[in-house]
Protein chains: 2
Amino acid sequence: MLIESNDQLVSSGINSESTTLRAQVQEVLRSAILEGRFKAGQKLVERELCELTGASRSILREALINLEASGLIERQSYRGFSVTRIGPRKVKEIFELRAPLETLAAELFTERASDQEIESISEIMAEMEACIATSDLARLRAAKERYYDVLFTGCRNIEIRKALENVIDRIHYLRSQLISDAERRDQSLIEMRRLTSALINRDQLATRQACMDHILSARDAVLRQMAQAQSNS
Amino acid sequence: MLIESNDQLVSSGINSESTTLRAQVQEVLRSAILEGRFKAGQKLVERELCELTGASRSILREALINLEASGLIERQSYRGFSVTRIGPRKVKEIFELRAPLETLAAELFTERASDQEIESISEIMAEMEACIATSDLARLRAAKERYYDVLFTGCRNIEIRKALENVIDRIHYLRSQLISDAERRDQSLIEMRRLTSALINRDQLATRQACMDHILSARDAVLRQMAQAQSNS
DNA sequence: CAACGCAAAATTGTATACAAAGTGGGCCTA
DNA sequence: TAGGCCCACTTTGTATACAATTTTGCGTTG
């Protein structure tokens with residue numbers, strides 16, 4: 001069994017309200033991948049995923065097809081789905097797209113976000129600081145996700161949001177496969193502080209610079225860690 | 001029957017080599033939508049599409065799910081798929097994404113394209129001129145598609161390409177729903193000439209400006225035509 | 001005659017069965 | 001014993017059957 005298997009991942013009991021079964025299964029698989037519970041290149045056998053999620057193949061396949069569209073998994077004829085392998089070249093491509101896009105989103109945020117959203121950003125930043133102080137990494141991760149959620153909502157452009165979420169998911173997955181580095185985490189926090197401050201002040205130029213720097217720095221960190229992982233294996 | 005229905009769209013005979021049935025069906029549906037054979041908001045009934053394409057529901061649904069992921073169609077629970085309606089607000093969102101992305105692609109092209117690709121661009125531009133001269137709109141459309149294909153290949157970034165193809169497909173569909181305007185076509189050609197010249201000279205700054213101008217001009221044309229169509233109905 | 005409600009038809013969602021292709025192991029042979 | 005071939009098994013691809021939901025149309029009623 002590929003995953004800790006005591007319980008089925010989709011709680012079949014209570015909370016099946018308001019979202020479709022399909023969406024639940026897809027989200028379960030997406031989370032599982034993002035959390036790094038599947039190795040890169042690993043084959044995803046439908047039967048196993050069925051047992052794991054409790055869903056039947058119809059549902060499961062729809063979910064897989066959607067994940068394929070998002071780039072997280074890929075498919076080979078009569079060979080099924082497997083988790084997409086991402087190499088340094090792909091990382092460069094992804095960041096080449098992400099850098100201008102996320103910067104654009106941040107700039108639009110400074111123009112369009114509500115005061116409420118500005119405040120949210122500020123609050124989440126404070127929470128992240130607290131998480132670092134207490135080394136609560138799971139909560140940090142959740143906070144970061146909410147941070148981006150507010151940012152992408154505040155830019156008031158669903159197209160940009162969707163395009164970004166796809167690339168960020170893949171980077172996110174990649175990160176889960178690498179050893180996270182405490183030093184990088186500190187550096188990242190510094191950059192986030194700078195970005196947050198720029199966003200709060202609705203300072204477009206500062207936002208642009210902070211965002212660009214942050215992303216390129218993240219890119220280099222990923223590439224460095226990949227090279228390191230490569231040489232270790 | 002919703003579409004001219006003499007023959008099945010997937011030629012079942014000879015050319016079923018090298019691509020999967022699924023991919024063929026999807027491409028048939030995509031083309032049908034892009035050519036404007038379905039009205040915006042129109043319901044896509046699975047049974048009808050099955051008869052039309054000759055495929056069975058399994059295949060068809062996979063194709064539909066993929067098209068949904070690309071944004072061309074949308075889905076409502078127990079109400080099936082329908083062609084996505086695009087309003088002025090959505091157009092603004094799409095172009096807000098497209099403008100910087102396509103400009104980025106063009107800039108990268110000036111850095112990375114092979115001499116062969118530069119030449120292709122030049123040739124296709126000449127062909128487009130010829131198409132205008134002879135008013136061969138179908139061929140113009142095909143040439144334009146090849147132009148973009150070379151451009152997106154030359155930028156050497158598959159991520160950017162995929163992101164762009166999604167948005168361009170939707171704009172393309174939108175265009176098919178509007179009355180095409182001869183004046184706009186001429187204006188567009190002028191802009192393309194300018195862009196082509198900048199690309200050929202690998203002049204990044206000129207490329208940036210030509211590309212931006214072209215896209216924004218296209219955007220305004222679409223919005224104008226939408227407003228016009230609105231007032232006519 | 002309009003409006004409401006119910007029932008039948010149509011349509012989508014889900015599950016299962018069958019076909020096609022790939023994978024691997026064992027046996028035979030050189 | 002190494003290599004290759006064949007057969008059984010696994011897995012995915014496709015088709016079909018069944019269930020849930022929506023839509024439609026008719027008849028009744030106020």
Side-chain angles (χ1 to χ4, degrees), chain A residues 1-3 5 8-13 15-29 33 38-39 41-69 72-84, chain B residues 1-3 5 8-13 15-29 33 38-39 41-69 72-84:
Chain A
M1 190 60 67
L2 298 161
I3 289 192
S5 60
Q8 298 209 328
L9 289 181
V10 174
S11 65
S12 50
N15 75 350
S16 53
E17 24 169 310
S18 85
T19 53
T20 69
L21 184 58
R22 173 179 54 258
Q24 285 179 59
V25 171
Q26 185 174 334
E27 188 47 36
V28 167
L29 290 179
I33 295 172
F38 298 99
K39 294 202 188 83
Q42 178 173 347
K43 231 189 125 194
L44 300 172
V45 179
E46 296 182 3
R47 188 183 48 77
E48 291 174 353
L49 297 182
C50 283
E51 290 173 7
L52 196 76
T53 59
S56 89
R57 270 186 76 200
S58 313
I59 313 278
L60 187 81
R61 290 189 117 236
E62 284 208 16
L64 288 174
I65 291 170
N66 274 328
L67 291 174
E68 185 198 11
L72 224 45
I73 66 180
E74 57 194 0
R75 184 183 196 176
Q76 269 189 308
S77 185
Y78 284 102
R79 238 163 275 184
F81 296 88
S82 56
V83 181
T84 312
Chain B
M1 190 61 67
L2 298 161
I3 291 192
S5 62
Q8 299 210 328
L9 288 181
V10 173
S11 66
S12 49
N15 75 353
S16 55
E17 25 168 311
S18 85
T19 54
T20 70
L21 183 58
R22 171 180 58 257
Q24 285 181 58
V25 171
Q26 185 174 332
E27 188 47 37
V28 166
L29 290 179
I33 295 172
F38 298 99
K39 294 202 189 83
Q42 179 175 346
K43 233 191 122 189
L44 299 172
V45 179
E46 296 181 5
R47 189 183 49 74
E48 292 174 354
L49 297 182
C50 283
E51 291 173 7
L52 196 76
T53 59
S56 89
R57 271 186 75 199
S58 312
I59 313 279
L60 187 83
R61 289 189 118 236
E62 283 208 15
L64 288 174
I65 292 170
N66 274 328
L67 290 173
E68 186 198 11
L72 223 44
I73 64 179
E74 56 193 1
R75 183 183 197 175
Q76 270 190 310
S77 185
Y78 285 101
R79 239 162 276 184
F81 295 89
S82 55
V83 181
T84 310

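Each chain gets a letter, A, B and so on, in the order the sequences are listed, and its residues count up from 1.
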**OP:** Report yes or no: does B/Thr84 contribute a side-chain atom to a donor-acceptor pair with the main-chain N or O of B/Leu72 at less than 3.5 Å?
**Re:**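 Yes, B/Thr84 side chain to B/Leu72 backbone: donor-acceptor pair under 3.5 Å.
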Original post:
Is a side-chain N or O of B/Gln42 found less than 3.5 angstrom from the main chain of B/Lys39, in a donor-acceptor match?
Top reply: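 Judged by distance alone, yes, a pair lies under 3.5 Å.
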Rounded to whole angstrom units, what separation is found between the [atom1] atom of [X] and the [atom2] atom of [N]?
{"X": "B/Glu51", "N": "C/dT11", "atom1": "CD", "atom2": "C1'", "result": "13 Å"}
{"X": "B/Lys43", "N": "D/dT23", "atom1": "NZ", "atom2": "P", "result": "7 Å"}
{"X": "B/Arg22", "N": "C/dA21", "atom1": "CZ", "atom2": "C1'", "result": "13 Å"}
{"X": "B/Leu49", "N": "C/dT11", "atom1": "CG", "atom2": "C1'", "result": "13 Å"}
{"X": "B/Arg47", "N": "C/dA9", "atom1": "CZ", "atom2": "C1'", "result": "12 Å"}
{"X": "A/Tyr78", "N": "D/dT12", "atom1": "OH", "atom2": "P", "result": "12 Å"}
{"X": "B/Leu60", "N": "D/dT14", "atom1": "CG", "atom2": "P", "result": "12 Å"}
{"X": "A/Arg61", "N": "D/dA15", "atom1": "CZ", "atom2": "C1'", "result": "12 Å"}

Identify which nucleotide among [options] has an atom closest to any side-chain atom of [X], counting heavy atoms from C-beta outward.
{"X": "B/Ser56", "options": "D/dA20, C/dT11, D/dT14", "result": "D/dT14"}
{"X": "B/Glu46", "options": "C/dT14, C/dG13, D/dT14", "result": "C/dG13"}
{"X": "B/Ile59", "options": "D/dT14, C/dA15, D/dT11", "result": "D/dT14"}

**OP:** Please figure out whether A/Ser77 or A/Glu62 has its closest DNA chain C nucleotide nearer the 5' end.
**Re:**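 Its nucleotide being nearer the 5' end, the pick is A/Glu62.
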**OP:** Have a look at A/Phe81 and tell me which of A/Gln76, A/Glu46, A/Lys43 forms a side-chain contact (heavy atoms from CB on, under 4.5 Å) with it.
**Re:**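 So, applying the side-chain contact (heavy atoms from CB on, under 4.5 Å) to A/Phe81 and each of A/Gln76, A/Glu46, A/Lys43, only A/Glu46 qualifies.
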N/O (side chain, [X]) to phosphate O (OP1/OP2, [N]) under 4.0 Å:
{"X": "A/Arg57", "N": "C/dA17", "value": "no"}
{"X": "A/Ser58", "N": "C/dT14", "value": "no"}
{"X": "B/Arg75", "N": "C/dG13", "value": "yes"}

Original post:
With a 4.0 Å cut-off on heavy atoms, is B/Leu44 in touch with a base, just the backbone sugar-phosphate, or nothing at all?
Top reply: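 Sugar-phosphate, backbone atoms only, no base.
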Original post:
Between B/Glu62 and A/Arg75, is the closest basic N to carboxylate O distance under 4.0 Å?
Top reply: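 Counted as a salt bridge, because a side-chain N and a carboxylate O are separated by less than 4.0 Å.
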**OP:** Give, for atom CG of A/Leu60 and atom CG of A/Leu49, the distance between the pair rounded to the nearest 0.5 Å.
**Re:**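 The distance works out to 5.0 Å.
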**OP:** Classify the side chain of B/Arg79 and the base of C/dG13 as holding, or not holding, a donor-acceptor pair under 3.5 Å.
**Re:**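 Result: no qualifying N/O pair found.
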